[in-house]
Amino acid sequence: MTAAGDTARPPRGSRDEVVLAVRDLGKYFPIREGALQKVVGHIKAVDGVSFDIAPGQTVGLVGESGCGKTTLGRCVAGLSEPTNGGVYFGLETATKERLDSLLSVTERTASQESELEQLDNRHRVDRMNGDAWRRYRRNCQVVFQESFASLNPRQLVKDIVGRPLRVHREASGSQLTERVVELLAQVGLGRQHLYRFPHQFSGGQRQRISIARALALDPELVILDEPTSALDVSVQAQILNLLHELQQERHLAYLFITHDLSVVRHMADRIVVMYVGRVAEAGPTEVIFDRPQHPYTEALLASSPDVDAHTVDLQALEGAIPDPALPPQGCRFHTRCAVATPTCGWEVDDVVRWLEDVEGTFDTLRGVTRMSPFDAWLSFEDEAAAASLAATLRSEAIPQAMRTALEELTVDARRVRVRFTPVDEVQLTVRGSEHVAACVLDRA
Ligand SMILES: Nc1ncnc2c1ncn2[C@@H]1O[C@H](COP(=O)(O)OP(=O)(O)O)[C@@H](O)[C@H]1O
Ligand code: SF4
Ligand SMILES: [Mg+2]
């Protein structure tokens, strides 16, 4: 089958291209308050994420709940419009290199702007319209975690799986039914399932129906958002095997989203680890498992249940996930990192968070006057409370790295000034071939 508007393209797998290039992608949700619903801040659900997916490749996107995986998947699918950056589809390698070179220029000339505009109009998902958009809708399909929510409960399987074929005028009548039977056979279901409703199936079977529907238009890319997270371990393995077989047969590219690293271990060619909207580490799967460079990746590995061994090691990842509306300075993981250093981004909010955690202490805090995220006066109820905080900040009750980063600690009656060394956001650095991590430590 050949996609409409796609007839001039050479066969899949023979092209020198990337299926998908995500560039500096950001998606911010406004936080509104009051009767006038004034915007008082933004949840930075996705904040400057870049990666590629090659034809037939699986990229595993992993991270804890709330780190922005689904939001990113929705932007990739064109279901949500990015705030910054873009998602590019179907770029030949040379064009992708040209795009990267144009995007890296801070002050573009008029001709460079016009060249970028042309590339955007042709390849950027949120700029596509007409034939380009239809082609993308065929070529990028999504399978969600909750098959109950994504399958219309009042439609028969025949109509659910056949709908994309009908909408894109690929088939009708008895030909449509036969195409649906073929698709069902590919996912291990049969003709006897055509005239049943979603509630008449098990969770694993419903996920097979979702996969059949996603395959109907012979896409190049399938976004799998926690496709096995709601399933029992044995059913999970069956669905993973099915996805793997379908990928081999059809040369599909997958963006496999999961909170559980071990699920994608045998599926993914590359892993992208996200933390509070940003990429913490990305690299080839075996490198991420054998030589992780980011302490967050290590913690995720240590806390992942092993699908094969059926064991769960729960030693790692303590502490609250930060609020994406107020991401920590420096390295976003510094509030939970066991090996954080003085240069990891200690800030006034760390003191405030610490006060919140210590029972009773926060009650005496009356206000915070910030000069910057790293410098503020904390006002207390009385002088004793102020003196007590200062003494604690000098003691071993707080992490040594945080104490070392504290440049000034001044007590003035009921107020305490805390000033840390300002640091920039920790950027991704190269750790090996196609391996990057955002950590100040060099653990090579
Ligand atoms: N439509 C929305 N409006 C406001 N906030 C949202 C919306 N969708 C997601 N978020 C917030 O964005 C962050 C990332 O969410 P999500 O992408 O669902 O994470 P994940 O899939 O990794 O669990 C969360 O803090 C979530 O509450
Ligand atoms: S930069 Fe590295 S060491 Fe520092 S807090 Fe982040 S992960 Fe930990
Ligand atoms: Mg999600």
Side-chain angles (χ1 to χ4, degrees), residues 25-33 37 39-47 49 60-77 79-83 142-146 149-150 223-230 255-261 263 272-281 292-300 316-317 319-347 350 399-402 404-405 421 423-429 431 436-443:
L25 190 74
K27 178 68 186 179
Y28 303 168
F29 295 107
I31 304 167
R32 297 175 193 276
E33 262 178 27
Q37 288 291 284
V39 175
V40 294
H42 286 92
I43 295 169
K44 296 184 173 179
V46 177
D47 195 14
V49 171
L61 185 67
V62 300
E64 289 163 289
S65 176
C67 73
K69 305 180 298 295
T70 294
T71 304
L72 193 148
R74 287 178 56 82
C75 289
V76 169
L79 301 170
S80 186
E81 200 167 323
T83 314
V142 191
V143 174
F144 296 100
Q145 170 181 356
E146 217 5 284
S150 67
I223 300 167
L224 303 155
D225 191 352
E226 309 265 9
T228 61
S229 300
L255 176 60
F256 195 120
I257 297 174
T258 174
H259 63 276
D260 183 350
L261 252 173
V263 167
V272 176
V273 179
M274 273 182 82
Y275 187 71
V276 195
R278 289 181 76 85
V279 175
E281 181 161 10
Q293 290 287 303
H294 200 290
Y296 178 60
T297 312
E298 283 184 311
L300 272 186
L317 270 177
I321 301 173
D323 179 355
L326 293 168
Q329 300 291 319
C331 169
R332 294 184 181 198
F333 188 53
H334 81 253
T335 58
R336 301 165 79 195
C337 180
V339 291
T341 76
T343 60
C344 290
W346 300 99
E347 58 183 309
D350 291 314
Q400 195 198 339
M402 181 170 159
T404 312
T421 319
V423 296
D424 293 329
E425 178 111 28
V426 176
Q427 303 294 327
L428 289 166
T429 49
R431 304 302 169 109
V436 290
C439 175
V440 297
L441 301 177
D442 183 1
R443 314 169 113 200

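Order of appearance sets the numbers: ligands from 1, and atoms from 1 within every ligand. These numbers were taken from a predicted model, which means no experiment stands behind them.
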| Test side chain to side chain contact (heavy atoms under 4.5 Å, CB included) applied to Glu64 and Leu300, step by step | CA-CA 8 Å; Glu64 289 163 289; Leu300 272 186; 4.3 Å; yes
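- With hydrogens left out, the protein atom closest to atom 11 (C) of ligand 1 is Ile43 CG2, 4.0 Å, a heavy atom.
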| request: Give the intermediate values and the outcome of side chain to side chain contact (heavy atoms under 4.5 Å, CB included) for residues Thr429 and Val436. | output: CA-CA 5 Å; Thr429 49; Val436 290; over 6 Å; no
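- The pair Asp47-Arg332 meets the salt-bridge criterion, since a charged nitrogen lies less than 4.0 angstrom from a carboxylate oxygen.
- Residue side and main chain included, Cys439 places an N/O/S atom under 2.8 Å of atom 2 (Fe) of ligand 2.
- Judged purely by distance below 3.5 Å, without hydrogens or angles, the side chains of Gln145 and Ser229 never pair a donor atom with an acceptor atom.
- Leu61 has its side chain within reach of Met274: a pair of non-hydrogen atoms, C-beta onward, lies under 4.5 Å apart.
- Those atoms of ligand 1 with a heavy atom of Ala45 less than 4.0 angstrom away are 12 (O), 13 (C), 14 (C).
- For the atom pair Thr335 OG1 and Met402 CE, the distance stands at 11.0 Å (nearest 0.5 Å).
- Scanning the protein for heavy atoms near atom 8 (Fe) of ligand 2, the closest one is Cys337 SG, 2.3 Å.
- At a distance under 4.0 Å, a protein heavy atom can be found next to atom 4 (C) of ligand 1.
- A salt bridge links Glu425 with Arg278: the closest approach of a Lys/Arg side-chain nitrogen to an acidic carboxylate oxygen falls below 4.0 angstrom.
- Short contacts between ligand 1 and Ser65, defined as distances under 4.0 Å to a heavy atom of the residue, involve ligand atoms 23 (O).
- Of the protein's non-hydrogen atoms, Phe29 CE2, 3.5 Å is the one closest to atom 1 (N) of ligand 1.
- With respect to atom 18 (O) of ligand 1, the closest heavy atom belonging to the protein is Thr70 CB, 3.8 Å.
- Ligand 1 has at least one atom lying under 4.0 Å from a heavy atom of Gly68.
- Those atoms of ligand 2 with a heavy atom of Leu441 less than 4.0 angstrom away are 3 (S).
- Against a heavy-atom cut-off of under 4.0 Å, His294 is close to the following atoms of ligand 2: 7 (S).
- A salt bridge does not link Arg431 with Glu281: every distance from a Lys NZ or Arg NE/NH1/NH2 to an Asp or Glu carboxylate oxygen is 4.0 Å or more.
- More than 12 heavy atoms of other residues, nucleotides or ligands shown are found within 6.0 angstrom of CD on Gln37.
- Among the backbone and side-chain atoms of Gln145, none of the N, O or S atoms lies under 2.8 Å from the Mg ion (ligand 3).
- Near Val339, meaning under 4.0 Å from any of its heavy atoms, are these atoms of ligand 2: 3 (S).
- Taking 2.8 Å as the criterion, Cys344 does not count as a coordinating residue of atom 6 (Fe) of ligand 2, since none of its N, O or S atoms falls below it.
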| Audit row: Tyr275, Arg336, side chain to side chain contact (heavy atoms under 4.5 Å, CB included) steps and yes/no | CA-CA 12 Å; Tyr275 187 71; Arg336 301 165 79 195; 3.1 Å; yes
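- Residue Pro324 has at least one heavy-atom neighbour below 4.0 Å for each of these atoms of ligand 1: 25 (O).
- Residue contact check: His334 has heavy atoms under 4.0 Å from atoms 5 (S) of ligand 2.
- Of all atoms in ligand 2, numbered sequentially from 1 with element shown, those under 4.0 Å from a heavy atom of Val440 are 1 (S), 2 (Fe), 4 (Fe).
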| request: Please step through side chain to side chain contact (heavy atoms under 4.5 Å, CB included) for the pair His259 and Val62, ending with a clear verdict. | output: CA-CA 5 Å; His259 63 276; Val62 300; over 6 Å; no
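- Shortest contact from atom 20 (P) of ligand 1 to any protein heavy atom: Gly66 N, 3.4 Å.
- Shortest contact from atom 6 (Fe) of ligand 2 to any protein heavy atom: Cys331 SG, 2.3 Å.
- Residue Leu72 holds its CG atom at 7.0 Å from CG of Leu255, rounded to the nearest 0.5 Å.
- Heavy-atom proximity to atom 15 (O) of ligand 1, evaluated over Val62, Thr258, Thr71, Val276, is greatest for Thr71.
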